[in-house]
Amino acid sequence: MNFHSKAFLREHPQSSVASASPLSRHTLMAALPLAIGLIMILLPAPPGLPLYSWRYLALFVTVIVGLIVEPVPAAAVGFLGITAGAALSHFVLFSPAQLAAPGFNANAAAISWALSGFSNSTVWLIFSAFVFSLGYEKTGLGKRISLLLLSRLGARTLTLGYAVMFADLLLAPFMPSNTARSGGTIFPVIKNIPEFYQSLPNDPSSRRIGSYLMWTAIASTCVTSSMFLTGLAPNILAVELVRKTVHVELGWGQWFIAFLPVGLILLATTPLLAYVLYPPELKRCPEVPAWARQQLGELGAFSGKEITLLILVILALALWIFGAQMVDPTTVALMVVGLLVVTRTITWTDVLDDKPAFNTLVWFGTLVALAAGLAQVGVVAWLAGLVGPLLATLPALAGLIALIVLFFLLHYLFASTTAHTTALLPLMLIVATKIPGLPIATAALGLCLSLGIMGIITPYGTGPSPVYAGSGFLPGRDYWRLGAIFGGYYLLVFLLVGVPMLFLVG
């Protein structure tokens, strides 16, 4: 039986796309972000925000619009943005007082800022996740595991979506790094599934099944990252910041109980919602399980390279779960990458040829620096200070809802949940103390519980996001659109179900 035969796949004729003037459309897409940025620069700076900070915000908005419309690949947009920031640093990055300070070298400081994203540990953990995926592909282990999943759940696409979600759920309580969990463990396996359905990356066929699986995976990990205190590394940082800022202790059980009603709803509905809003073209294929079992039989016993990779993966999982206090997750990932090369499971040439890995490295490395610049020039503090007095006039419930919504939406400005937590959580906690009648423990728990689910809104919102955004199955426009829809849904459920729960356990 040939799984790639027409009996298994529906043919989808390509819709004719008007191609009268592709050059003019490309020019329009390139001009749009530049026009928006130029308009912002020509407008006067808002009260309380220095002119150089306003110009930097204009640069950042230009980059974000560029990422949405993609006149050039996303990594090139980030590269151009960081280059422009460094070149124009005297006008957008440093205040007149900084430039006038004795001994201050603006050029050296600018290039240091531009390259700072490449020293971020999450950036390299994301890169390592791509190399892990390469190992699964080169050894055939990914194919074997994928066939095993297909043999049991391959008859329906929806059941595969729920299987991906459950896999993340099982690992989440024990792996604080969602990049390691989803990007380094889940993604390398599910990346191999679409090709069995002739669903290929960067191709119209990606919508057959690959796009659905990838979106379900990233959406699921955002939910599990909020569900467990140990499901996301910044959650642990947030608990410490809460303790130091407002002297409130948040425990694992308290966290889990507070989010449980929201988590159950989101986990039950996320694969189904993706199935409805981003439907796979291939819904059912009842012959697949039998075909997959036949293919597994033809694969035979595990090869030496498969066994080596399996041992290294188990080693990485063990260190990520049990060794987090001794070894940083990124160190573990880089160590395993080195061992993959040393054991010749993959070659160094394979690593160098992995264009998606290096593309994502450049993209996310530049975005981390650009987002950090917003805090550096004072835009984040200005925004928080702008709304703080307004929230202080609201009653307790309305104030908490407004605080959570603001905290959630400001994540559009951050390429790291850790950076978001560090920059904004203490400010939001101080604002919360000014809202009359609002228990600070309730406010602290509400802010912290939203850290995971907010990661869904952008292609850079949480560690594994760039892995899935760079997979070739989720075009930029689709990612932004779905991110807004799922982000709105997650936030709405959290406000309607989670906030009342907070007043019971906060």
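These numbers come from the heavy atoms of this one structure, side chains and all, not from hydrogens, waters or symmetry mates. What you see is a predicted model, and the numbers here were worked out from it, not measured in a lab. Residue numbers count from 1 along this sequence.
Scanning all heavy atoms of the two residues, the minimum distance from Leu403 to Ala432 falls at CD2-CB, 3.7 Å. Of all heavy-atom pairs between Leu250 and Val239, the closest is O-CG1, 3.7 Å. Trp363 and Leu67 get closest at one heavy-atom pair: NE1-CD2, 3.6 Å. Between Ser471 and Met214 the shortest heavy-atom distance is OG-CG, 4.0 Å. Minimum heavy-atom separation, Gly461 to Thr417: O-OG1, 3.3 Å. Nearest heavy atoms, Leu266 versus Tyr489: CD2-CE2, 3.7 Å.
Note that Arg144 lies outside the cation-pi zone of Tyr136, set by a 6.0 Å cut-off to the ring centre and a 45° limit from the axis.
Here Arg284 contributes atom CZ and Leu158 contributes atom CG; the two are 10.5 Å apart, rounded to the nearest 0.5 Å. Atoms CZ and CZ, on Phe228 and Phe256 in that order, are 5.5 Å from each other to the nearest 0.5 Å. Taking CD1 of Ile145 as the start and CD1 of Ile190 as the end, the distance is 12.5 Å to the nearest 0.5 Å. Atom CH2 in Trp480 sits 13.5 Å away from atom CG in Leu474 (nearest 0.5 Å). Atoms CZ and CG, from Phe130 and Leu125 in turn, are 11.5 Å apart once rounded to the nearest 0.5 Å. For the atom pair OG of Ser226 and CZ of Phe494, the computed distance is 7.0 Å after rounding to the nearest 0.5 Å.
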Step-by-step side-chain contact (heavy atoms from CB on, under 4.5 Å) determination, Asp168 to Val223: CA-CA 10 Å; Asp168 195 290; Val223 177; over 6 Å; no
Audit row: Ile457, Phe408, side-chain contact (heavy atoms from CB on, under 4.5 Å) steps and yes/no: CA-CA 9 Å; Ile457 61 178; Phe408 191 97; 3.7 Å; yes
Verdict with supporting geometry, Asn178 and Thr462, side chain to side chain donor-acceptor pair (under 3.5 Å): CA-CA 8 Å; Asn178 66 349; Thr462 190; 2.9 Å; yes
Steps toward side-chain contact (heavy atoms from CB on, under 4.5 Å) verdict (Leu397, Phe503): CA-CA 9 Å; Leu397 179 59; Phe503 284 93; 3.8 Å; yes
CA sep, side-chain torsions, deciding dist, call: Met227, Leu260, side-chain contact (heavy atoms from CB on, under 4.5 Å): CA-CA 7 Å; Met227 194 163 189; Leu260 183 60; 3.5 Å; yes
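Without hydrogens or angle criteria, Thr245 side chain to Val242 main chain gives no donor-acceptor distance under 3.5 Å. In terms of modelled atom types and a separation under 3.5 Å, the side chain of Tyr162 and the main chain of Ala268 share a donor-acceptor contact. Within the 3.5 Å criterion, the main-chain N or O of Ala219 finds no donor-acceptor partner in the side chain of Tyr468. Judged by distance alone, with hydrogens and angles left aside, the side-chain atoms of Arg293 form a donor-acceptor pair with the main-chain N or O of Ser151 at under 3.5 Å. Side-chain N or O atoms of Tyr460 include one that pairs as donor or acceptor with a backbone N or O of Tyr412 at under 3.5 Å. Checking side-chain atoms of Arg181 against main-chain N and O of Pro464 turns up no donor-acceptor pair under 3.5 Å. A donor-acceptor pair under 3.5 Å is formed between the side chain of Ser205 and the backbone N or O of Leu200. His411 places no side-chain N or O within 3.5 Å of a backbone atom of His420 that could act as its donor or acceptor partner. In this structure, Ser206 contributes its side chain and Pro201 its backbone to no donor-acceptor pair below 3.5 Å. With Thr270 contributing its side chain and Leu267 its backbone, the two residues share no donor-acceptor pair below 3.5 Å.
Aromatic pair Phe358/Phe127: centroids less than 6.0 angstrom apart.
For the pair Val467/Ser182, no side-chain contact is recorded, criterion being any heavy-atom separation below 4.5 Å from C-beta on. For the pair Leu273 and Tyr278, the minimum side-chain heavy-atom distance is 4.5 Å or more. Annotation: side chain of Ser225 is in contact with side chain of Thr221 (closest heavy-atom distance under 4.5 Å). Between Leu400 and Ile435 there is no side-chain heavy-atom pair separated by less than 4.5 Å. Within the 4.5 Å cutoff, the side chain of Leu309 has no heavy atoms near those of the Phe132 side chain. Within the 4.5 Å cutoff, the side chain of Val336 has no heavy atoms near those of the Leu319 side chain. Residues Leu147 and Trp291 form a side-chain contact, since some pair of their non-hydrogen atoms from C-beta on lies under 4.5 Å apart. Tyr275 has its side chain out of reach of Thr216: every pair of non-hydrogen atoms, C-beta onward, lies at least 4.5 Å apart.
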Name every donor-acceptor pair, under 3.5 Å, that has one atom in a side chain of residues 445-456 and the other anywhere in the protein, sequence neighbours excluded.
{"from": "Ser450", "atom 1": "OG", "to": "Leu447", "atom 2": "O", "distance (Å)": "2.7"}

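For Arg152, the CZ atom is loosely surrounded, since the number of other residues' heavy atoms within 6.0 Å does not exceed 12.
Side chain to side chain, Ser121 and Asp328 fail the donor-acceptor criterion of an N or O pair below 3.5 Å. Between the side chains of Thr157 and Tyr197, not a single donor N or O lies within less than 3.5 Å of an accepting N or O.
Using bins of under 30°, 30° to 60° and over 60° for the plane-to-plane angle, the ring pair Tyr479/Trp215 lands in the perpendicular bin.
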